[in-house]
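Have a look at the structure below, then the notes.
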Amino acid sequence: SRDYLCLQAEQFLNDVIIDFYLKYLQAGLFFNSSQMDKTYIFSIYFYKRLTMKTKSSSTTTTAMSQAEAMHSNVKKWTKNVNIFEKDFVVVPINDCDHWFVIILCYPALSTRQMEEGRLKQPLI
């Protein structure tokens with residue numbers, strides 16, 4: 001693979017490099033960090049799958065709301081993890097050849113809470 005070529009100056013990072021770096025943060029740099037235990041990082045393919053259009057010819061999708069259809073697209077992605085037990089959820093997104101991340105802070109909370117002297121506030 002020639003993915004390493006996108007690491008040169010004036011080049012755009014591709015999905016392979018972004019995915020590698022996120023996995024490196026999770027399994028390498030911050031492996032023993034207590035903060036990583038409270039963080040979940042989705043794959044670079046999660047958002048694309050979440051927002052994928054479902055086949056309108058299917059009778060089951062016509063009866064579903066948009067939110068239900070989106071959840072159906074990715075429900076297997078979180079079957080082994082409860083993201084609402086995490087303090088931070090990282091969602092990498094590629095839109096128009098530009099990478100960015102959304103970090104959901106305290107996704108289980110609906111209002112501010114003080115916990116162990118720290119203010120926890122749900123944010124995107």
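We number each residue from 1, following the sequence as shown.
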Name each donor-acceptor pair under 3.5 Å that joins a side chain in residues 92-116 to protein atoms two or more places apart or in another chain, with its distance.
unit_1	atom_1	unit_2	atom_2	d
Tyr106	OH	Arg118	NH2	3.3
Arg112	NE	Gln121	OE1	3.1
Arg112	NH2	Gln121	OE1	3.4
Glu115	OE2	Lys120	NZ	3.0

Original post:
Under a 4.5 Å side-chain heavy-atom rule over Ile, Leu, Val, Met, Phe, Trp and Tyr, are Tyr47 and Phe12 clustered together?
Top reply: no
key: Check: Glu68 main-chain N/O paired with Ser65 side-chain donor or acceptor under 3.5 Å   = yes
When rounded to the nearest 0.5 Å, the distance separating CG of Leu22 from CD1 of Ile17 is 11.5 Å
Sorted by chain and number, sequence neighbours left out, side chain to side chain contact (heavy atoms under 4.5 Å, CB included) with Asn32 holds for none
- Query: Under a 4.5 Å side-chain heavy-atom rule over Ile, Leu, Val, Met, Phe, Trp and Tyr, are Tyr45 and Val74 clustered together?
  - Reply: yes
For the residue pair Leu50 and Asn73, establish whether any side-chain heavy-atom pair is separated by less than 4.5 Å.
no
Residue set satisfying side chain to side chain contact (heavy atoms under 4.5 Å, CB included) with Gln66, at least two apart, ordered chain then number -> Met70
Salt bridge (charged side-chain N to carboxylate O under 4.0 Å, His left out) pairs touching residues 23-41, sequence neighbours excluded, are Asp19-Lys23
dist Leu25:CG -> Phe20:CZ (nearest 0.5 Å) comes out at 9.5 Å
Applying ring pair (Phe, Tyr, Trp, His ring centres under 6.0 Å) to Phe46 and not counting sequence neighbours gives Phe42, Trp77
Handout entry: Close side-chain approach of Phe88 to Gln35, heavy-atom, < 4.5 Å
Key = yes
Going only through I, L, V, M, F, W and Y residues with side-chain contacts under 4.5 Å, is there a path from Val90 to Phe31? no
Residues passing the side-chain hydrogen bond (donor to acceptor under 3.5 Å, both in side chains) test with Asn14, sequence neighbours excluded, are Asp3
Across all chains, not counting sequence neighbours, the side chain to side chain contact (heavy atoms under 4.5 Å, CB included) partners of Met36 are Gln26, Phe30, Ser33, Thr39, Ile41
CD1 (Ile44) and CD1 (Ile18) are apart, to the nearest 0.5 Å, by 8.0 Å
